[in-house]
Undergrad: 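One structure, as C-alpha cells, below. Some questions next.
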Amino acid sequence: MTASLSVNLNAIAMLRNRRDLPWPNIIGLGRIALAAGASGLTVHPRPDQRHIRFSDLPAIRALIDDEFPQAEFNIEGYPTAEFLDLVARNEPEQVTLVPDDPTQVTSDHGWDLVQHAGYLAPIIADLKHRAVRVSLFIDPDPEAPVAAKALGADRIELYTGPYGGAHDDPRREAEELAKLEMTAAAALKAGVAVNAGHDLTVANLPALVKKVPNLVEVSIGHGLTADALVHGMSGAVERFLDALKA
C-alpha cells in the first residue's frame with residue numbers, strides 16, 4: 001500500500017508572514033494540494049506563531065470538512081496546555097507530539113520515551129479519549145516503537161532529518177537509511193504504524209519507501225514548498241506522489 005502524503009503548510013505561512021498581507025494564501029494552496037491528490041494537511045503551530053497562526057487552524061479545518069472530507073488534518077507540536085487547547089478546538093484526525101523547545105527553528109530530535117513516559121502517558125490517554133490518533137516523533141531507535149506502544153501511541157513518526165541532511169554523502173545517507181529501516185522493522189513487530197517526516201525530497205523518498213515498506217504517511221513541507229516554486233503546488237504534489245510509488 002502506497003504511503004499517503006500530508007502537505008505541511010508551515011513554510012508557506014512563514015513566507016506569508018514576511019508581510020502583513022494575505023498571500024501566499026495557505027487555504028488556497030492547501031486546496032490545490034488536496035485537489036492534486038494529497039491525503040491531508042499538516043501544521044506545527046508554535047507559541048510565537050512565526051509561521052502558522054492559531055487563527056489559521058479553524059480555516060484549515062473548514063477547508064477539509066467542507067471540500068475534502070476524506071482528507072485528514074494533522075496538528076503537530078509540543079503538548080503545552082495552549083497546544084492541547086488548540087487541538088481540542090480544531091479536532092484534528094491526528095496529533096503528532098514533538099519535543100520542541102519554543103526557541104527551535106525547526107524540529108531536530110525525537111522524544112526520549114523512557115525519560116518522558118510519565119509526562120506523555122496522560123496526554124496520550126486524553127487524546128485517545130477524544131478519538132484522536134496519536135503519533136510520537138522519534139529518532140531512529142529500534143527500542144522506541146516498543147516504548148511508544150506501551151504509552152498507547154498509535155504511530156511513530158521517524159525523524160528523517162539526518163537522512164535528508166546526508167544528500168551529498170552517499171555513505172552517510174546509506175547509514176541513516178539503515179537506522180530508519182531497523183526502527184521501522186521494530187515498529188512492525190511492535191504493532192505500531194510508521195509515519196516519517198523532515199527533509200524528505202523527490203530524490204530521497206524512493207529509497208526510503210523501498211527500505212520501509214510499512215510506511216503509512218509522510219508529512220512534507222520545506223522540500224515540497226521548494227519544489228512548488230519550480231513546478232507549482234499541483235505539480236509538486238504530483239511529483240511527490242510519484243516518488244512515493246517508486
Side-chain angles (χ1 to χ4, degrees), residues 3-78 80 82-98 100 105-107 127 130-133 135 157 195 197-202 217-244:
S4 63
L5 171 66
S6 184
V7 174
N8 190 315
L9 299 172
N10 274 35
I12 297 167
M14 182 173 65
L15 179 58
R16 175 199 62 187
N17 293 354
R18 293 184 69 246
R19 299 285 187 271
D20 186 22
L21 296 167
W23 57 79
N25 187 295
I26 64 165
I27 300 303
L29 287 165
R31 178 181 290 112
I32 293 170
L34 292 173
S39 297
L41 300 174
T42 291
V43 296
H44 188 147
R46 287 185 166 83
D48 61 5
Q49 303 185 68
R50 61 181 179 268
H51 17 63
I52 284 293
R53 299 168 181 160
F54 300 162
S55 59
D56 293 325
L57 273 61
I60 298 169
R61 177 74 271 173
L63 170 67
I64 291 172
D65 289 344
D66 296 344
E67 300 182 38
F68 301 93
Q70 78 286 357
E72 291 194 348
F73 191 14
N74 173 46
I75 301 179
E76 59 183 30
Y78 188 84
T80 62
E82 184 176 42
F83 174 84
L84 294 171
D85 180 61
L86 287 173
V87 167
R89 286 189 281 117
N90 293 282
E91 301 182 326
E93 283 72 30
Q94 178 173 266
V95 167
T96 302
L97 301 179
V98 180
D100 271 3
V105 174
T106 187
S107 304
L127 290 168
R130 298 174 183 270
V132 177
R133 185 195 309 129
S135 180
E157 179 171 329
N195 295 345
H198 223 278
D199 296 335
L200 294 174
T201 66
V202 167
E217 176 185 288
V218 293
S219 69
I220 305 177
H222 183 83
L224 193 147
T225 303
D227 225 43
L229 293 174
V230 179
H231 302 282
M233 176 57 76
S234 183
V237 168
E238 290 169 2
R239 281 165 51 82
F240 274 84
L241 291 174
D242 286 343
L244 285 170

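Only a predicted model underlies this, so the values are computations on that prediction, with no experimental measurement involved.
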Undergrad: I need the Ile12 CD1 to Asn25 CG distance, nearest 0.5 Å.
TA: 9.5 Å

Undergrad: Would you name the heavy atoms of Ala33 and Val7 that are closest together and state the gap between them?
TA: CB-CG2, 4.0 Å

Undergrad: For residues Thr42 and Asn74, is any side-chain donor paired with an opposing acceptor at under 3.5 Å?
TA: yes

Undergrad: Of the non-hydrogen atoms in Leu29 and Pro24, which two are nearest, and what is the gap between them?
TA: CD1-CB, 3.9 Å

Undergrad: Calculate, to the nearest 0.5 Å, the distance between atoms CG and CZ belonging to Leu5 and Phe240 respectively.
TA: 8.0 Å

Undergrad: Under 6.0 Å from the CD atom of Glu93, do we count more than 12 heavy atoms belonging to anything else shown?
TA: yes

Undergrad: Taking all heavy atoms of Arg16 and all of Leu21, pick out the closest pair and write down the distance.
TA: CG-O, 3.5 Å

Undergrad: Has Asp56 got a side-chain atom pairing as donor or acceptor with Arg53's backbone, closer than 3.5 angstrom?
TA: yes

Undergrad: Which pair of non-hydrogen atoms, one from Leu34 and one from Ser39, has the smallest distance, and what is that distance?
TA: CD2-C, 4.3 Å

Undergrad: Let me confirm one number: the CZ-CD distance from Arg133 to Glu72, rounded to the nearest 0.5 Å.
TA: 4.0 Å

Undergrad: If you round to the nearest 0.5 Å, how far is CG of Leu41 from CD1 of Ile26?
TA: 9.0 Å

Undergrad: Is Asp48 salt-bridged to Arg50, cutoff N-O under 4.0 Å?
TA: yes

Undergrad: We want to know whether Glu157 and Asn195 form a side-chain donor-acceptor pair, criterion being a heavy-atom distance below 3.5 angstrom.
TA: no

Undergrad: If you apply the rule side-chain contact (heavy atoms from CB on, under 4.5 Å), what do you find for Asn10 with Arg46, and how did you get there?
TA: CA-CA 10 Å; Asn10 274 35; Arg46 287 185 166 83; 4.0 Å; yes

Undergrad: Using a 4.5 Å cut-off on heavy atoms from C-beta on, say whether the side chain of Phe73 contacts that of Asp65.
TA: no

Undergrad: Using the test side-chain contact (heavy atoms from CB on, under 4.5 Å), find all partners of Leu229 that sit at least two apart in sequence or belong to another chain.
TA: none

Undergrad: Mind running side-chain contact (heavy atoms from CB on, under 4.5 Å) on Leu57 and Leu86 for me, showing each step along the way?
TA: CA-CA 8 Å; Leu57 273 61; Leu86 287 173; 4.2 Å; yes

Undergrad: Shortest non-hydrogen contact from Gly40 to Ala71?
TA: CA-CB, 4.3 Å

Undergrad: Is the shortest side-chain heavy-atom distance between Thr225 and Leu15 below 4.5 Å?
TA: no

Undergrad: Do any N or O atoms from the side chain of Asn17 and from the backbone of His51 form a donor-acceptor pair under 3.5 angstrom?
TA: yes

Undergrad: Locate the shortest heavy-atom distance separating Val95 from Leu97; write the atom from each residue and the value.
TA: CG1-CD2, 3.6 Å

Undergrad: Within a reach of under 6.0 Å around NE2 of His222, are more than 12 heavy atoms found that belong to other residues, nucleotides or ligands?
TA: no

Undergrad: Not counting sequence neighbours, which residues clear side-chain contact (heavy atoms from CB on, under 4.5 Å) with Glu67? List them please.
TA: Arg31, Leu63

Undergrad: Measuring from atom CG of Leu127 to atom CG of Leu84, what distance do you get when rounded to the nearest 0.5 angstrom?
TA: 6.0 Å

Undergrad: Which value, rounded to the nearest 0.5 Å, describes the distance between Glu76 atom CD and Ser135 atom OG?
TA: 9.0 Å

